[in-house]
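A quick write-up on the structure given underneath.
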Amino acid sequence: MTFSLIFFFAYVLNTDSVMCSFPLPEDDVDLEALVNDMNSSLESLYSTCSGQQTESTPLIHSGQTSHHHHHHHHHAQHNQPRFRRSQPVHILAVRRLQEEEQQLRTSSLPAIPNPFPELCSPASSPVLSPGSLPPGEPSAGTYIVKIFSEDGIGKVVEIPADMTARDLCQLLVYKSHCVDDNSWALVEHHPLLGLERYLEDHEQVVQVQTSMTSDSRFLFRKNYAKYEFFRTPLTFFPEHMVAWCQETNRTIPPSQLLKNFLATSSYPEIQGHLYVKDVGRKSWKKVYMFLRRSGLYCSTKGTSKEPRHLQLLADLEDSNIFTVITGKKQHGAPTDYGFCIKPNKGRGELKDLRMLCAEDEQGRTCWMTAFRLFKYGIVLYQNYKIPQQRKTLLSHFSAPVRSVSENSLVAMDFSGRIGRVIDNPVEAQSAAMEEGHAWRKRSQRMNILGSHSPLHHSSISSVIHIAQLWFHGRITREESHRIIHQQGQVDGLFLLRVSQSNPKAFVLTLCHHQKIKHFQILPCEEDGQVFFSLDDGATKFTDLIQLVEFYQLNRGVLPCKLKHPCTVVAL
């Protein structure tokens with residue numbers, strides 16, 4: 001990146017003006033050393049002009065005198081201590097000047113602050129403190145943010161004011177030694193309200209933190225469905241919920257569907273029945289809803305779209321959409337698929353929330369995804385493309401870290417002089433079984449010869465999976481559902497856990513078409529050795545790692561391949 005630094009200084013000596021300018025520095029110049037040299041030059045120049053009485057030259061904007069700033073500066077002289085007129089006045093960059101003007105309009109400070117507090121006494125210099133800034137607009141500097149992992153352990157991070165959620169996730173991935181597969185996300189969690197939402201990658205973390213209450217917190221979590229609607233839009237937007245598809249009676253092309261949502265000139269609309277909670281009451285009623293770019297509307301007369309029958313329930317511009325995680329228990333929701341629209345300027349009270357509830361998970365996902373697209377539009381697509389562009393750029397310099405979740409695995413045969421890819425699933429299965437038998441024979445031979453390992457092979461195969469990210473131990477079925485819901489509900493999202501009904505068995509929990517299914521992994525014994533199988537012994541594996549790797553390559557009896565492991569990382 002090229003940095004250019006230009007300083008102008010203007011002096012008026014009686015009736016003559018002297019303009020001193022410094023040349024533009026070259027690229028890769030030490031800016032700090034350059035500023036120090038300029039300050040020393042200013043001190044020597046100031047010593048020759050300190051005894052003369054002059055008037056300060058007004059600020060210059062784009063090479064012309066700005067009468068607007070001169071007027072404010074003259075008006076503010078009564079509120080500020082006067083400094084020597086012959087001292088230099090820095091010409092601020094246009095962007096910084098606009099930021100200062102915006103801060104001054106909403107703060108209680110004088111109209112124009114002293115741009116050089118170091119030239120006055122410290123006691124009389126106006127200082128901008130975070131408390132004097134308008135809410136939601138953090139000042140420059142560093143801030144302390146506390147991030148929590150799924151196990152409840154918090155980590156304090158010092159970040160700059162303009163750090164985005166994507167940058168903070170990459171920082172946490174680096175500090176936690178995780179694989180950066182662009183599926184990590186930051187969650188805004190409100191435990192008292194039972195709400196949470198994933199921050200968009202471009203959102204500034206400090207700005208979001210200023211609108212959070214004392215009981216709220218940030219969580220660091222996987223979210224595989226963050227941009228999944230760009231890959232499979234028809235799964236997220238069923239035809240019966242897209243208004244223009246119903247009106248034209250035609251099938252939606254995926255490219256045209258996304259184009260309509262991203263383009264500001266088009267007017268797509270999501271429609272359907274939703275349960276709405278009455279404000280200040282515990283009752284819910286089912287009404288027909290319409291989600292447009294201008295907001296969320298309900299029809300007061302059946303499914304009528306006439307303007308006189310539409311009532312605005314929530315605005316998209318100044319609101320955020322949250323998932324309700326305690327819908328039935330805390331809010332008395334009729335289903336488990338609740339969400340709500342929370343205004344940004346609200347105090348976080350229940351009366352400020354617009355509580356909604358869908359019939360199924362697909363309906364809730366459609367409403368919430370459309371809300372994000374209507375609010376952010378093309379910005380979401382840019383967020384989706386940035387990691388891919390970075391990956392392409394880095395691939396020219398170094399080999400990226402492989403991730404099972406985004407790189408498909410292939411079966412290889414290295415028995416010959418040159419390795420080859422095994423395309424036939426039956427041959428791949430045979431190769432996997434042969435490799436497993438060979439590994440078992442080697443371990444048996446080592447035990448006979450006196451291996452230093454204190455564990456027998458059967459003991460190793462029963463505990464070797466414990467350290468894997470997809471193994472979650474003795475969790476309940478409900479807990480596995482919660483983890484799957486939190487991390488995206490995309491096809492191939494899976495985890496393994498210990499069976500509650502059979503202590504010797506395991507359970508594979510898999511998500512397919514936004515539905516969660518469970519498959520029991522039973523142990524079976526052959527020739528004194530214990531194997532694991534998903535299909536009643538038709539396909540046997542020596543340990544769970546081999547089983548998972550096989551079904552990552554082959555679908556087998558499963559509805560889809562294993563693709564995204566549910567990962568819980570401690571910070």
Side-chain angles (χ1 to χ4, degrees), residues 150 181 183-185 187 189 194 196-198 219 221-229 231-232 234-238 241 322-329 333-339 357-369 404-406 465 468-502 505-522 532-535 544 547-548 550-552 554-569:
E150 294 295 337
D181 55 359
S183 61
W184 293 99
V187 182
H189 182 68
E196 66 181 25
R197 78 174 181 99
Y198 290 94
L219 303 178
R221 182 190 298 164
K222 283 275 192 180
N223 181 18
Y224 292 106
K226 186 163 51 173
Y227 300 119
E228 188 68 19
F229 56 88
R231 304 181 184 95
T232 57
L234 296 182
T235 305
F236 286 76
F237 300 103
M241 296 186 65
F322 286 76
T323 302
V324 180
I325 55 180
T326 57
K328 284 188 174 182
K329 182 178 180 180
T335 69
D336 292 322
Y337 312 106
F339 61 99
C357 195
E359 292 282 0
D360 51 22
E361 182 60 38
Q362 187 182 40
R364 177 170 69 171
T365 303
C366 179
W367 288 101
M368 297 184 69
T369 305
V404 174
S405 62
E406 68 176 80
H465 54 268
Q468 300 300 311
L469 297 176
W470 38 256
F471 185 72
H472 290 250
R474 295 182 180 276
I475 62 174
T476 62
R477 174 184 288 248
E478 291 74 19
E479 184 71 9
S480 67
H481 280 225
R482 184 187 66 83
I483 297 175
I484 294 286
H485 277 287
Q486 287 179 347
Q487 300 197 12
Q489 287 189 271
V490 297
D491 288 355
L493 183 62
F494 74 97
L495 62 85
L496 264 72
R497 57 187 177 89
V498 178
S499 174
Q500 291 180 292
S501 58
N502 186 355
F506 300 90
V507 176
L508 170 66
T509 302
L510 176 65
C511 182
H512 179 63
H513 289 173
Q514 297 182 338
K515 294 182 179 180
I516 302 175
K517 301 180 180 180
H518 303 271
F519 301 89
Q520 197 167 41
I521 303 173
L522 296 173
F532 298 96
S533 177
L534 263 175
D535 49 9
L544 295 182
L547 182 146
V548 169
F550 174 82
Y551 286 105
Q552 285 175 329
N554 308 276
R555 190 182 72 175
V557 296
L558 301 177
C560 63
K561 297 179 183 179
L562 305 183
K563 189 176 182 181
H564 305 293
C566 280
T567 305
V568 177
V569 175

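Keep in mind that what you see is a predicted model, and the values were worked out from it rather than measured. Positions are given from 1 along the sequence.
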* **Minimum side-chain heavy-atom gap His513-Pro559 below 4.5 Å** => no

* To do: Using a 4.5 Å cut-off on heavy atoms from C-beta on, say whether the side chain of Ile483 contacts that of Thr509.
  => no

* Ignoring hydrogens and angles, tell me if any N or O in the side chain of Lys226 forms a donor-acceptor pair with the backbone of Trp184 under 3.5 Å. => yes

* Do you know the tightest heavy-atom contact between Asn554 and Lys561? -> C-CG, 4.1 Å

* Return the minimal non-hydrogen interatomic distance between Ala358 and Gly363, and the atom names on each side. => CB-C, 4.1 Å

* For the residue pair Phe229 and Phe236, categorise the inter-ring angle as parallel (less than 30°), tilted (30 to 60°) or perpendicular (more than 60°). => perpendicular

* Asked: Does the pair Leu562 and Phe550 meet the rule for a side-chain contact (heavy atoms from CB on, under 4.5 Å), with working shown?
  -> CA-CA 9 Å; Leu562 305 183; Phe550 174 82; over 6 Å; no

* **Test item: Trp470 and His465 side chains (from C-beta on) under 4.5 Å apart, heavy atoms** => yes

* Arg482 versus Ile325: any side-chain heavy-atom pair under 4.5 Å? -> no

* Structure fact -> dist His485:NE2 -> Leu493:CG (nearest 0.5 Å) comes out at 10.5 Å

* Structure fact -> Shortest non-hydrogen pair, Cys511 vs Cys560, comes out as O-SG, 4.0 Å

* Side-chain touch Phe494/Val548, heavy atoms, less than 4.5 angstrom -> yes

* Asked: Is a side-chain N or O of Arg221 found less than 3.5 angstrom from the main chain of Ala185, in a donor-acceptor match?
  -> no

* **Heavy-atom side-chain proximity of Arg497 to Arg477 below 4.5 angstrom** => yes

* Asked: Quick check: does any side chain N or O of Thr476 sit under 3.5 Å from a backbone N or O of Glu479, one acting as donor and the other as acceptor?
  -> yes

* Taking C-beta and beyond as the side chain, do Glu478 and His481 meet within less than 4.5 Å on heavy atoms? -> no

* **Any donor-acceptor pair under 3.5 Å from Tyr227 side chain to Ser183 backbone** => no

* CA sep, side-chain torsions, deciding dist, call: Gln486, Glu150, side-chain contact (heavy atoms from CB on, under 4.5 Å) -> CA-CA 11 Å; Gln486 287 179 347; Glu150 294 295 337; 3.7 Å; yes

* Hey, mind stepping through Thr323 and Phe339 against side-chain contact (heavy atoms from CB on, under 4.5 Å) and telling me if it holds? -> CA-CA 4 Å; Thr323 302; Phe339 61 99; 5.5 Å; no

* Asked: So Leu496 and Ile521, side-chain contact (heavy atoms from CB on, under 4.5 Å) or not? Walk me through it.
  -> CA-CA 9 Å; Leu496 264 72; Ile521 303 173; 3.8 Å; yes

* To do: State, with a plain yes or no, whether a side-chain heavy atom of Tyr551 is found less than 4.5 Å away from one of Leu534.
  => yes

* Asked: Just by distance, do the side chain of Gln487 and the backbone of Thr567 share a donor-acceptor pair under 3.5 Å?
  -> yes

* Return the minimal non-hydrogen interatomic distance between Arg364 and Gly338, and the atom names on each side. => NH1-O, 3.1 Å

* Asked: Where the side chain of His472 meets the backbone of Cys566, is there a donor-acceptor pair that is under 3.5 Å apart?
  -> yes

